[in-house]
Amino acid sequence: MLYPIEYDTDGETIIASLPDMPGVHDEGASKEEARSRLLGAALAMLQAMMDDNEDIPDPSPATGREVLTLPSQVWTKVLLYRAMREKGWKRADLARAMGGDQKAAYRLLDLHHASRWDQVDAAFRALGKVLVPQTKIA
C-alpha cells in the first residue's frame with residue numbers, strides 16, 4: 001500500500017500530504033521530518049474512516065513521486081475491514097463468526113493494536129477469504 005506524497009512549503013515549513021486521502025497532511029522543518037510525521041496522520045485518518053464505516057481509497061499510481069508505505073499489518077487490517085464491508089458485516093458479526101470474543105474481534109480493526117497473525121488469518125477465514133500476496137519483494 002504505497003500512497004504518493006505531495007510536498008508544499010509555507011515559509012520555512014515543509015508540508016507533506018496524501019492527495020488520495022483528503023485531510024491527511026503534516027509538516028516539518030524538512031521533507032524527511034514532514035514525511036515521517038505523515039504516517040501518524042494517515043493512521044489517524046484510516047482509523048477514523050474505519051470507525052465511521054467509510055470507504056478507504058486506493059492509492060493512485062506514484063508516477064515518480066515519493067510514497068508513504070503503510071505497515072503490513074495496517075494494510076492487512078484495511079483489507080479485513082473492506083472484506084467485512086463487502087459482506088455487510090459489523091464488528092459484532094465478525095466476533096460471532098470467530099467464536100464470540102468481541103474484544104479480540106474489535107482489536108483486529110484497531111490500527112494501533114499489534115494483532116497476532118493467527119487471529120488475522122482466522123478473521124479472514126471467518127469471512128470466507130484468504131490473504132494471497134500479490135506484490136514483488138525487491
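Values in this document were obtained by computation on a predicted structure and should not be read as measured data. We use all heavy atoms of the structure for the numbers below, so side chains are in, but hydrogens, waters and symmetry mates are not.
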Heavy-atom closest pair (S115 atom, V120 atom, distance to 0.1 Å) is CB-CG2, 4.0 Å
Test item: L70 and L39 side chains (from C-beta on) under 4.5 Å apart, heavy atoms: yes
So Y7 and E66, do their side chains get closer than 4.5 Å, heavy atoms only? yes
Do the non-hydrogen side-chain atoms of K129 and K87 ever get within less than 4.5 Å of each other? no
Minimum heavy-atom distance between D26 and A34, given as atom pair plus value: O-CB, 4.2 Å
To the nearest 0.5 angstrom, please state how far the CG atom of D58 sits from the CE atom of M21. 10.0 Å
So which heavy atom on A83 is nearest to which on L127, and how close? CB-CD1, 4.0 Å
Should R91 and D110 count as an ion pair when the cut-off is N to O under 4.0 Å? no
Can you tell me how far the CG atom of L109 sits from the CG atom of L80, to the nearest 0.5 Å? 5.0 Å
Nearest heavy-atom approach of P4 to P59 is CD-CB, 4.1 Å
Please answer: with hydrophobic residues joined when any side-chain heavy atoms are less than 4.5 Å apart, are V24 and V67 in the same cluster? no
Quick one: do R65 and E6 make a salt bridge, cutoff under 4.0 Å? yes
Between I14 and E33, is a side-chain contact (heavy atoms from CB on, under 4.5 Å) present by the stated rule, with each step listed? CA-CA 9 Å; I14 307 292; E33 182 182 358; over 6 Å; no
Whether R82 side chain and I56 backbone form a donor-acceptor pair below 3.5 Å: yes
To the nearest 0.5 Å, how far apart are CG in L46 and CG in D51? 11.0 Å
Should L2 and L68 count as side-chain neighbours, where that means a heavy-atom distance under 4.5 Å? no
Nearest-0.5 Å distance that lies between atom CZ in R37 and atom NE2 in H25: 10.5 Å
Heavy-atom pair with the smallest gap, counting every atom of A126 and A97: CB-CB, 3.8 Å
Would you compute the distance between atom CG of L79 and atom CH2 of W75 and round it to the nearest 0.5 angstrom? 4.5 Å
Heavy-atom closest pair, residues N53 and K90: ND2-NZ, 3.6 Å
Side chain of Q47, backbone of L111: donor and acceptor closer than 3.5 Å? yes
Distance in Å, F124 CZ paired with Q119 CD, rounded so as to fall on 0.5 Å steps: 13.5 Å
Is the shortest side-chain heavy-atom distance between L108 and M98 below 4.5 Å? yes
When you measure from the side chain of R35 to the backbone N and O of G28, does any donor-acceptor pair fall under 3.5 Å? no
Would you say that K31 contacts I5 through its side chain, given a criterion of any heavy-atom pair below 4.5 Å between the two side chains? no
For side-chain contact (heavy atoms from CB on, under 4.5 Å), just list the numbers for D101 and Y106, CA-CA rounded to whole Å, side-chain angles, deciding distance to a tenth of an Å, and then say yes or no. CA-CA 9 Å; D101 186 351; Y106 278 64; over 6 Å; no
Side chains of M1 and V78: does their closest heavy-atom pair fall under 4.5 Å? no
Should L18 and I15 be counted in the same cluster of Ile, Leu, Val, Met, Phe, Trp and Tyr side chains packed under 4.5 Å apart? no
Quick one: does D93's side chain get under 4.5 Å of M84's, heavy atoms only? no
